[in-house]
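Presented below is the structure to which this report refers.
All values reported here derive from a predicted model rather than from experimental measurement. Below, all heavy atoms of this structure are taken into account, side chains as well, without hydrogens, waters or symmetry copies.
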Amino acid sequence: MTRRTRLIVAALGATGLAALLVAACLDLPGFGRDQHPYGNRAVRASLARHTANTIASVNFDQRAFDTLGEMSILFASVLGTVVLLRQTRDEHRAAPEPEQVALPVRRYALLVLPVAVVTGLYVIAHGQLSPGGGFQGGVVVATALHLLYLGADYRALERIRPVGSYEIADALAASAYLVLGLAGLVAGTAFLANFLPYGTFNTLSSGGTVPLLNAAIGMEVACAVVVLLARFLDQAVEIEKGGGK
């Protein structure tokens, strides 16, 4: 195929795509109204499936396949970071020297750490009931663990953050989301369809598969962020090149 032919094909494709986008935008419902057809449908579906948090219902029930794509993007990003920041032949690790931490910082960090971890777990566990969920709670849990780095030192963080274990847990959590999707096919519905009993409205067991998918996302996000920060901290604290950093 010549260069001229490729340009013509690309131009035709771009023109068709532009026409479809314009047609879709012209058919969108109006903005700024108190009633919206998409919002009304989402709320009705959420209530029908006993999920108190409509956003959780959208993320893990009505468009759970899209959420799989978002999780895959994060997983691939962390995987790419691990590969790019791996230790090379001309690098070696140096044991980080302990640093003095101001007493107020130490006290505050060690006091807030367990509170932040519990808060993150609460946000994950109640994702189908109240604002938050696996994505938000996972980030809270992961970053809360690093308060130990601020309040103590890097070696203390390493003791509660075995990176290999978090990498395995990250893969298992991503696999759990896929397994729940396949379970829908086995149950005779569709991939990632809600196939469990909906339970009692506004309780932890409500929403069918929503709390399970939400928990899988929470674990995957928490482990992914821990691994991501670990690789960057390795570069900043431990890994040296040649004779110096």
Side-chain angles (χ1 to χ4, degrees), residues 70-127 132-179 212-245:
E70 296 169 4
M71 179 192 70
S72 300
I73 291 172
L74 176 60
F75 187 84
S77 301
V78 174
L79 180 61
T81 301
V82 170
V83 173
L84 290 174
L85 297 184
R86 68 189 185 279
Q87 187 175 350
T88 58
R89 293 180 179 179
D90 62 341
E91 294 176 334
H92 67 276
R93 290 184 179 273
E97 296 292 334
E99 298 286 345
Q100 292 293 329
V101 180
L103 187 58
V105 175
R106 179 185 295 270
R107 288 175 176 173
Y108 180 78
L110 297 182
L111 178 65
V112 172
L113 191 155
V115 177
V117 171
V118 172
T119 301
L121 294 175
Y122 178 91
V123 171
I124 295 174
H126 291 76
F135 285 101
Q136 297 84 349
V139 173
V140 172
V141 171
T143 52
L145 295 178
H146 289 78
L147 288 172
L148 190 60
Y149 174 52
L150 300 178
D153 57 30
Y154 190 69
R155 290 177 296 180
L157 173 63
E158 285 185 316
R159 286 194 290 269
I160 67 167
R161 191 212 58 187
V163 179
S165 299
Y166 281 92
E167 289 174 343
I168 294 173
D170 186 13
L172 290 176
S175 300
Y177 196 96
L178 289 172
V179 169
L212 298 179
L213 294 172
N214 179 65
I217 287 292
M219 182 178 177
E220 197 277 331
V221 170
C223 295
V225 173
V226 167
V227 173
L228 190 67
L229 293 177
R231 295 310 176 190
F232 283 110
L233 282 173
D234 282 350
Q235 292 289 323
V237 177
E238 286 192 276
I239 294 181
E240 297 182 351
K241 184 174 183 179
K245 292 185 177 180

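Screening residues 101-127 for salt bridge (Lys or Arg N to Asp or Glu O under 4.0 Å) gives no qualifying pairs among residues at least two apart or on separate chains.
One distance of note links CG of Leu79 with CG of Leu84; it measures 9.5 Å at 0.5 Å rounding. Note that CG of Leu157 is 9.0 Å distant from CG of Leu229, once rounded to the nearest 0.5 Å.
Ala173 and Glu220 get closest at one heavy-atom pair: CB-N, 3.5 Å. Scanning both residues, Phe75 and Ala171, for their nearest heavy atoms gives CE1-CA, 3.9 Å.
The shortest side-chain heavy-atom distance between Leu233 and His146 falls under the 4.5 Å cut-off. Here the side chains of Tyr149 and Val101 are not in contact, with every heavy-atom distance at 4.5 Å or above.
In this structure Ala215 satisfies the side chain to side chain contact (heavy atoms under 4.5 Å, CB included) test with no other residue, sequence neighbours excluded. For Pro114, the side chain to side chain contact (heavy atoms under 4.5 Å, CB included) criterion is met by no residue, not counting sequence neighbours. Judged as a side chain to side chain donor-acceptor pair (under 3.5 Å), and not counting sequence neighbours, the contacts of Glu167 are Arg231.
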Next item on the list: Determine, stepwise, if the pair Leu150 / Tyr108 fulfils side-chain contact (heavy atoms from CB on, under 4.5 Å).
Entry: CA-CA 10 Å; Leu150 300 178; Tyr108 180 78; over 6 Å; no
Check: Does the side-chain contact (heavy atoms from CB on, under 4.5 Å) test come out yes or no for Tyr154 and Asp234, once each step is laid out?
Finding: CA-CA 10 Å; Tyr154 190 69; Asp234 282 350; 2.7 Å; yes
Item checked: Verdict with reasoning, Leu148 to Asp153, per side-chain contact (heavy atoms from CB on, under 4.5 Å) -> CA-CA 7 Å; Leu148 190 60; Asp153 57 30; over 6 Å; no
Checklist line | Candidate pair Tyr177 and Met219, rule side-chain contact (heavy atoms from CB on, under 4.5 Å), full reasoning | finding: CA-CA 10 Å; Tyr177 196 96; Met219 182 178 177; over 6 Å; no
Distance-only donor-acceptor hits, side chain of residues 133-145, under 3.5 Å, sequence neighbours excluded:
{"from": "Gln136", "atom 1": "OE1", "to": "Gly133", "atom 2": "N", "distance (Å)": "3.4"}
{"from": "Thr143", "atom 1": "OG1", "to": "Val139", "atom 2": "O", "distance (Å)": "2.7"}
{"from": "Thr143", "atom 1": "OG1", "to": "Val140", "atom 2": "O", "distance (Å)": "3.2"}

Using atom types as modelled, flag every donor-acceptor pair under 3.5 Å from a side chain in residues 115-122 to any protein atom, sequence neighbours excluded.
{"from": "Thr119", "atom 1": "OG1", "to": "Val115", "atom 2": "O", "distance (Å)": "2.7"}

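Remark: the backbone N or O of Ala125 is not paired with any side-chain donor or acceptor of Asn214 at under 3.5 angstrom.
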